[in-house]
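Worksheet: the structure to be examined is printed underneath.
Small disclaimer: the values here were computed from a predicted structure and weren't measured. Along the sequence shown, the residues carry numbers beginning at 1. All heavy atoms count here, side chains included; hydrogens, waters and symmetry mates do not.
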Amino acid sequence: MRLWYKIFVLALFINFTACVSGAGVRREITGEDARSYIAFIEEKETSHDLNRMEEMIRTLLKKYPQSTQLVNDLLAIQIEKEEYEAALKTTSFLLKITPDDVQTLYIKASLLELLGRSPLKVYEKLHELDPGNEYFLLKMEELYSLKGETDKILEVTKKLIADFPRKEAYLSKALFLLYKAEAWEEMLSLEGLYPGEKESFHDRIIEIFAIGKDVKNLGRFIRAVSPRMDKTEKARFYFALFYLSSEDERFETDSEPFFQQEEFSFYLGAYLMENSDTGDDTKAIPLFQRIPPRSPYYEESLVYLMKGALQEEDITALKRYYGLLRQKEGSGSIELSLLYYSLTEKSSLTEDLYSLLDFSRIEPRALAGFIDLLVQKGLIEEARQYGEEVEKFFTTKEGLFQYNFAMMRLFARTEEASRMRDHFQRASCEEEKNPDLLNYYAFSLLVIDPSFHEEALPLLEEAHALDPESPAIMDSLGWALVLSGDLDKGEKMIDRALEALPQDSEILFHKAMILKKKGRYQEALDILMDVKSNNGGDVIYYEDLDSEMDLLRSLIKPER
């Protein structure tokens, strides 16, 4: 046993017995026995003959066997004499007198550790008695690690992170304990507890393997957790493996293949391509180029090579790689991904892509949904051009409905009522009486110009008849009724919508506007304040909430 630990435990006991010794024991012991105890104290403070002191205490214990003070005095003597086995028996006896005494239990745990035995059961009892003690939990975590009980390590770590402030320190310790136990999947399972970004958590794991240059176990870790990580996450670990290992270590162990060359090349290239350093992109290209067609990584490598060609504005290379990808049966659609990259990063190549890419390979629903994506990203003109370019690929009745519905949503966003109306009519020809189409078109009319309520109201009544339980349609119909002058009927309809969706910001906005019309300005203001704080936004249907709230404040008469 380490000397420093013996000294620590001895100091602990001496300090403890010094605190509890005193007049209390003399009240327990009377007459001649009290003078004997005083003689013990004098011996302790002068000659300090441990054998003599023990003899004096044992004599008194024969008469007062239940005296906790005398037992503690004996315990301190045994510890000072380094008679740890005897001391352990004394703590067991003391715990029969005071079974839930935290201090005695802690002494017993320390003695067990001095004797090379596991004090786990004692620390579990200590935690039960004092669940808010951080040290007891940390000791339990360490002892569970020695027993290889990884599920218990995770349990204690979760409690430490939930109840105590040093979250990153607890997580780092738990990761190291799990690393020692070679519990690879359990290490990754702590990800949800990490207070920072996922990338930082992965870096913590990598650091543990890097400190000991533990290439073999890093490879085993990657193999074990690979199904739980996406491509970019895995690439981070392969990159670490690349720099930690020699070339021989990367691809084989003593007896079996470790990582195939093509596998390693793909993930290293993926890391270089995905990270924020654009200078690494050119380093990735040769890695992807060496992956053969038979490899399971071949198709994804071609995708990366196409993105690299776009970055270099190399249309010839892009055509070549795209042609190779098209030759592979079952290859996934990459066209929209490449187009989005071009629209956002290399707009000068967009026309070339429209002539090169085969959009007929893509499901009509995905083609139509891309219009919404571009609008959501604020790429309005790009969405308009894209819609014109891909219209010819919508040939079925269902596809034409999806296309015209998406284009209608685009022109609703740009508030071009005539073009929105045109695509609504085309979509209606493909699928009659679609309540969602009716609702979206009619409500968009109200947003563009409230005076369109005469056109919108019958359409919304029809949509409500088709889907009477839809809160979105109830809200739209209620607002159309309000704009048409039927305030009470409109409010009832909006109240029904709120019963179904009580936290919906758009329905609440309409409710506030009704209250405003009724002169109930404070109630309207309270609703809008809640909408802004809970929704996290400042705009509802292009209406600025701050401006509306300022107007309501100006209408509220000050209290006198």
inquiry  = With side chain to side chain contact (heavy atoms under 4.5 Å, CB included) as the criterion, how do Val225 and Phe221 come out once you've worked through the C-alpha distance, each side chain's angles and the decisive distance to 0.1 Å?
reply    = CA-CA 6 Å; Val225 304; Phe221 172 87; 3.6 Å; yes
request  = Test side chain to side chain contact (heavy atoms under 4.5 Å, CB included) on Glu80 and His48 and set out the steps.
outcome  = CA-CA 11 Å; Glu80 196 169 353; His48 202 76; 2.9 Å; yes
ask   = Is there a salt bridge (Lys or Arg N to Asp or Glu O under 4.0 Å) between Glu83 and Lys81 once you walk through the steps?
value = CA-CA 5 Å; Glu83 295 175 352; Lys81 292 172 70 176; 3.4 Å; yes
request  = Could you please spell out the steps behind the salt bridge (Lys or Arg N to Asp or Glu O under 4.0 Å) verdict for Arg117 and Glu85?
outcome  = CA-CA 11 Å; Arg117 302 176 199 171; Glu85 286 286 0; 2.2 Å; yes
ask   = Hey, mind stepping through Glu113 and Lys139 against salt bridge (Lys or Arg N to Asp or Glu O under 4.0 Å) and telling me if it holds?
value = CA-CA 11 Å; Glu113 210 155 3; Lys139 288 297 294 184; 2.8 Å; yes
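Ring geometry, Tyr135 versus Tyr123: the interplanar angle exceeds 60°, so the pair is classed perpendicular (tilted spans 30 to 60°).
The two atoms that bring Pro131 and Lys159 nearest to each other are O-CE, 4.2 Å, heavy atoms only. The minimum heavy-atom distance linking Ser265 with Arg290 is given by the pair OG-CD, 3.3 Å. Summarising the geometry of Tyr170 relative to Leu160, their closest heavy-atom pair is CE1-O, 3.5 Å, with the distance given to 0.1 Å. In plain terms, the two heavy atoms of Glu262 and Ile291 that are nearest each other are O-CD1, 3.8 Å. Looking at every heavy atom in both residues, Gln311 comes nearest to Asp281 through OE1-OD2, 3.1 Å. Taking every heavy atom of both residues into account, Gly269 and Ala284 meet most closely at O-CB, 3.5 Å.
Ring centroid separation for the pair Tyr267 and Phe237 does not come in under the 6.0 Å cut-off. Ring centroid separation for the pair Tyr271 and Tyr238 does not come in under the 6.0 Å cut-off. Close placement of the Tyr179 and Phe209 rings is indicated, their centers lying within 6.0 Å of each other.
Side-chain N/O atoms of Tyr304 and Glu274 include a donor and acceptor closer than 3.5 Å. Side-chain contact check for Glu55 and Asn51: no donor-acceptor pair (N or O, by modelled atom type) lies under 3.5 Å. Tyr340 and Glu335 share no side-chain donor-acceptor pair at under 3.5 Å. Side-chain contact check for Gln69 and Asp73: at least one donor-acceptor pair (N or O, by modelled atom type) lies under 3.5 Å. Checked by atom type, the side-chain pair His127/Asn133 shows no donor-acceptor distance below 3.5 Å. Residues Thr98 and Asp101 bring no donor and acceptor atom of their side chains to less than 3.5 Å of each other.
By the side-chain hydrogen bond (donor to acceptor under 3.5 Å, both in side chains) test, Glu207 pairs with no residue at all, sequence neighbours left out. In this structure Asp49 satisfies the salt bridge (charged side-chain N to carboxylate O under 4.0 Å, His left out) test with no other residue, sequence neighbours excluded.
Salt bridge annotation for Glu134-Arg166: present, with a cationic side-chain nitrogen under 4.0 angstrom from a carboxylate oxygen. Salt bridge present: Glu233 and Lys198 bring a charged side-chain N and a carboxylate O closer than 4.0 Å. A salt bridge does not link Glu199 with Arg236: none of the charged nitrogens is closer than 4.0 Å to a carboxylate oxygen.
Counting heavy atoms of neighbouring residues, nucleotides and ligands inside a 6.0 Å radius, atom CZ of Arg228 exceeds 12 of them. More than 12 heavy atoms of other shown residues, nucleotides or ligands fall within 6.0 angstrom of atom CZ in Arg204.
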